[in-house]
Amino acid sequence: MRIVVGAMGPGRVALVDPSVSLEPFETVTMQEFPAVVRALESRHPRWVWADTRRWYPRLLAEGVRVDRCHDLVLAAALIDHSTTTASARDGGAHPRPAWLPAGPAEAGQAGAVVPVASAAHAALFDLGDFDGETQAPEAAVTDRPRDVRSVPIDAVLAEHARQLALVTASERPGALRLLVAAESAGALIGAELHAAGLPWHRGVHERVLEGELGPKPSPGRKPARMEEFAAEVRALLGAPAVNLDSQVDLLKALRRAGIQVESTSRWELREHEHPAIEPLVAYKKLARLFSANAWSWLDEWVVDGRFRPDYVPGGTATGRWATSGGGALQLPKNVRSAVVADPGWSLVVADAAQLEPRVLAGLARDEAMAEAGRGRDFYGGIVGAGVVETRDQAKVAILGAMYGATTGESGRLVPRLARAYPSAMALVDRAAADGERGASVTTLLGRSSPPPGVEWRAAQSRASQPEATAADERRARSGARDWGRFTRNFVVQGTAAEWALCWMAGLRSRLMAIAGDAAVPEQLAHRSGPVFERIPHLVYYLHDEIIVHTPRERADEVAAAVADAANEAGRLLYGAFPVEFPLDLAIVESYALADA
DNA sequence: GTAGCGCGCGCC
DNA sequence: AAAGGGCGCGCGCTAC
């Protein structure tokens with residue numbers, strides 16, 4: 001069952017079950033809405049709404065969670081740019097409504113051919129309702145509203161019907177259905193992660209800062225240890241006034257001191273011998289910590305023992321998430337010790353071991369590569385197969401293949417990988433070739449890469465003119481190769497993001513089931529907000545890694561659910577194809593202890 | 001005073 | 001240790 005939600009008149013919310021009628025079966029005020037959702041949730045509907053980020057926080061604030069949804073904004077971004085719907089969209093029979101946020105103008109032409117997803121996913125995401133015989137009402141013409149909650153119900157219904165039609169007409173409807181469901185589940189999870197917050201121990205964080213930077217400086221001053229290194233660098237460069245935080249200033253001072261660098265970046269500095277370099281690198285390290293994740297970050301981002309970043313599911317081209325504010329996806333390892341479970345609680349920390357090579361093996365249906373990944377250590381498996389001599393070589397070669405390395409050790413090793421795993425190599429090479437000629441490529445479940453920009457196309461066509469100069473041609477070739485590296489990586493990174501979404505979505509439903517029969521002692525009530533009191537819940541997500549905060553006595557059960565969900569994600573994407581997704585999994589009190 | 005950009009660097 | 005993909009953020013700096 002689906003329930004479509006939209007605005008009806010000022011301040012009223014209409015609820016429609018399109019399998020029954022396009023007329024609302026109920027209209028309520030925004031204040032009444034959460035209670036109505038709570039009551040209807042027992043019927044296990046899929047909530048169809050314009051934008052989860054707008055609708056769901058309000059529900060969570062009232063202590064209401066929903067099981068499933070269809071996020072029309074996120075789904076439109078997928079459906080309207082997928083190469084798998086290109087022919088269905090051809091001719092403009094399914095125009096995007098004006099209220100949707102503008103996306104890239106056009107999806108590219110049919111791109112990389114990637115294997116078809118298994119259709120064995122109906123149970124988990126329960127997509128049986130997706131093809132429901134929904135009638136399409138006349139599309140209401142609306143301007144783009146400031147708040148998508150005010151999109152009229154008729155416009156929401158029309159958009160829903162449009163999306164269902166396009167998915168059905170897609171070349172791979174099963175895959176695209178799964179992708180829409182997984183992306184929407186991600187939107188629910190993103191909002192819940194924010195509501196729950198990551199448990200953050202201010203005292204532990206401050207001790208790390210004091211250990212590295214010295215005592216907290218007074219406002220406007222730099223920490224003592226930064227000043228010490230800065231003084232040392234200035235003396236050793238013979239530049240008493242140089243501002244180390246100014247790239248231009250610093251570069252001049254370095255050159256005057258005889259260090260011939262092109263930039264002030266750490267990796268280039270390290271290639272030179274000069275006594276000032278070591279303290280300069282140390283200064284930069286501390287400066288980064290001080291400006292990005294020190295006391296002012298704590299003041300701004302940690303409230304009541306919780307770090308609450310704003311996650312942006314689907315925020316990047318490849319489908320990885322972004323965050324806005326707080327830098328949640330760039331937390332330096334040395335401050336992660338501040339992530340500490342509440343008393344009586346544990347953290348279940350899990351990350352997928354070598355996710356991307358495994359995703360590639362499945363994507364290409366490369367039996368030999370999947371065989372190397374049988375067992376915990378993919379890179380060890382490659383060495384074991386005699387492809388390269390050392391684990392480090394295996395790692396560099398694999399990364400080189402996925403990122404398009406052409407030079408260095410990585411570039412030299414890639415050909416050996418190509419001989420051992422021709423199918424996998426052919427898949428990424430084809431993705432690169434497609435990108436080089438400006439075509440879009442598509443992930444396993446149907447997310448397509450954006451087309452290159454107008455400048456890129458202009459450079460390519462300039463180079464093909466008779467009067468093109470050598471410089472024109474060089475620029476065009478270099479641009480083509482850059483874009484090819486992007487599309488090469490896109491199919492792998494994007495499909496890995498899909499695996500991770502399925503993993504998290506499956507985990508979330510397992511955790512909800514665990515919570516459903518939870519009778520956790522009252523004394524374990526903690527500070528994480530009403531919805532998540534006393535129940536295991538996700539608190540962090542980082543591309544291939546998750547953290548669940550759970551009452552300690554539930555930790556083993558949660559860990560099993562995490563592993564189950566990973567296995568199921570593999571089956572959802574690859575069916576019976578034998579690619580494994582082992583986890584590094586730990587039950588700890590502090591995030592810092594999970595690496596051990 | 002602020003918007004926008006390049007740089008450098010944190011994470012995957 | 002090294003130059004290949006994806007991001008966000010803070011800084012200095014320039015242009016307005």
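Chain letters run A, B, ... following the sequence lines, proteins first, then strands; residues in each count from 1.
In this structure, the side chain to side chain donor-acceptor pair (under 3.5 Å) partners of A/S265, at least two apart in sequence or on a different chain, are A/S263, A/W267. Partners of A/Y311 by ring pair (Phe, Tyr, Trp, His ring centres under 6.0 Å), not counting sequence neighbours, listed by chain and number: A/W321. A/Y421 meets the side chain to side chain donor-acceptor pair (under 3.5 Å) test with no other residue; sequence neighbours excluded. When the side-chain contact (heavy atoms from CB on, under 4.5 Å) test is applied to A/A559, the partners found at least two apart in sequence or on another chain are A/V348, A/L585, A/I587. Scanning for side-chain contact (heavy atoms from CB on, under 4.5 Å) contacts around A/A463 gives A/E473, A/A476, with sequence neighbours left out.
One atom, OH of A/Y311, and another, C1' of B/dC11, lie 12 Å apart when rounded to the nearest Å. Per the geometry, CD belonging to A/E268 stands 12 Å off P belonging to B/dC7, to the nearest Å. Counting to the nearest Å, the P atom of C/dA2 and the NZ atom of A/K395 are 16 Å from each other. When rounded to the nearest whole Å, the span between CG of A/D310 and P of C/dG8 equals 13 Å. In this structure, A/E545 places its CD atom 10 Å from C1' of B/dC11, rounding to the nearest Å.
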When you compare the protein's N or O atoms with those of nucleotides 4-7 of chain C, which come within less than 3.5 Å of each other, and at what distance?
{"unit_1": "C/dG4", "atom_1": "O3'", "unit_2": "A/R485", "atom_2": "NE", "d": "3.0"}
{"unit_1": "C/dG5", "atom_1": "OP1", "unit_2": "A/R485", "atom_2": "NE", "d": "3.2"}
{"unit_1": "C/dG5", "atom_1": "N2", "unit_2": "A/R320", "atom_2": "NH1", "d": "3.2"}
{"unit_1": "C/dG5", "atom_1": "N2", "unit_2": "A/Q493", "atom_2": "NE2", "d": "3.3"}
{"unit_1": "C/dG6", "atom_1": "O4'", "unit_2": "A/Q493", "atom_2": "NE2", "d": "3.1"}

Exercise. Starting at the 5' end of nucleotides 10-16 of chain C, put B wherever the base has a protein heavy atom under 4.0 Å, S where only the sugar-phosphate does, and a dash everywhere else.
Key: SSSS---

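Checked against a 6.0 Å centroid threshold, the rings of A/W297 and A/F307 count as neighbours.
Each of A/L244, A/L289, A/V233, A/L250 was evaluated against A/K284; a single residue qualifies, A/L250, per the side chain to side chain contact (heavy atoms under 4.5 Å, CB included) test.
Toward the 5' end of DNA chain C, the nearer of the two residues A/G327 and A/R270, judged by each one's closest nucleotide, is A/R270.
Heavy atoms of A/R481 sit nowhere under 4.0 angstrom from any nucleic acid atom.
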Please list every donor-acceptor pair under 3.5 Å in which a side-chain atom of residues 392-399 of chain A meets a protein atom from a residue at least two apart or in another chain.
{"unit_1": "A/Q393", "atom_1": "OE1", "unit_2": "A/E389", "atom_2": "N", "d": "2.9"}
{"unit_1": "A/Q393", "atom_1": "OE1", "unit_2": "A/T390", "atom_2": "N", "d": "3.2"}

Could you go through residues 203-213 of chain A and list every donor-acceptor pair under 3.5 Å that involves a side-chain atom there, pairing it with any protein atom two or more places apart or in another chain?
{"unit_1": "A/H205", "atom_1": "ND1", "unit_2": "A/W200", "atom_2": "NE1", "d": "3.0"}
{"unit_1": "A/H205", "atom_1": "NE2", "unit_2": "A/N293", "atom_2": "O", "d": "2.9"}
{"unit_1": "A/E206", "atom_1": "OE2", "unit_2": "A/R202", "atom_2": "NE", "d": "3.3"}
{"unit_1": "A/E212", "atom_1": "OE2", "unit_2": "A/N334", "atom_2": "ND2", "d": "2.9"}

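In this structure, A/K284 reaches the B/dC9 phosphate: one of its side-chain N or O atoms is under 4.0 Å from OP1 or OP2.
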